[in-house]
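Numbers here simply count residues along the sequence, with the first being 1.
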Amino acid sequence: MNEELYNSRDYCALAEELESLKKNYAKLEAQVVILKGMNFDFAGSLFKANKRIAELEAHIAALEEAAEIEEWDDFPNFPEPPEVK
């Protein structure tokens, strides 16, 4: 690179802009890592919530089935609700 271009004001401005862009890019990369982690946490929470909903739906179905029994001697044998985790 010739000396005239290396010392020019334009070159210095471009070099400063390049450094600024590199810093901004590094910040964005860090944010992407954080967002990916949050997405993973959300997916895990969503999976747990869906599992809990399925457990409660099964419990409701068992209660409905038990409620249809006309012999009230079976009343104490209602299924216990699933444990809250």
Side-chain angles (χ1 to χ4, degrees):
M1 182 177 292
N2 68 30
E3 191 69 25
E4 190 176 295
L5 179 62
Y6 183 76
N7 290 328
S8 74
R9 202 174 11 195
D10 291 339
Y11 178 82
C12 291
L14 288 174
E16 287 175 6
E17 185 178 354
L18 177 63
E19 290 304 313
S20 175
L21 289 172
K22 285 180 181 180
K23 288 178 185 176
N24 287 339
Y25 183 79
K27 288 178 187 177
L28 289 173
E29 278 185 324
Q31 289 176 352
V32 166
V33 169
I34 291 168
L35 290 173
K36 284 182 178 179
M38 290 172 61
N39 184 36
F40 181 75
D41 291 343
F42 176 74
S45 297
L46 185 61
F47 175 78
K48 288 177 187 177
N50 285 334
K51 184 179 176 186
R52 180 70 177 141
I53 289 169
E55 289 172 353
L56 292 173
E57 286 174 343
H59 179 67
I60 289 169
L63 287 173
E64 287 173 346
E65 185 179 314
E68 291 177 2
I69 298 172
E70 293 185 18
E71 297 176 21
W72 288 101
D73 295 337
D74 292 337
F75 181 78
N77 297 327
F78 276 108
E80 292 296 317
E83 248 183 70
V84 175
K85 298 176 185 170

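To the nearest 0.5 Å, atom CD of residue Glu19 and atom CG of residue Asn24 are 11.5 Å apart. The line from CG of Asn50 to CZ of Arg52 is 13.0 Å long, rounded to the nearest 0.5 Å.
When each of Lys27, Lys22, Glu29 is tested with Tyr25 by the rule side-chain contact (heavy atoms from CB on, under 4.5 Å), just one qualifies, namely Glu29. Just one of Val33, Val32, Ile34 meets the side-chain contact (heavy atoms from CB on, under 4.5 Å) condition when paired with Lys36; it is Val32.
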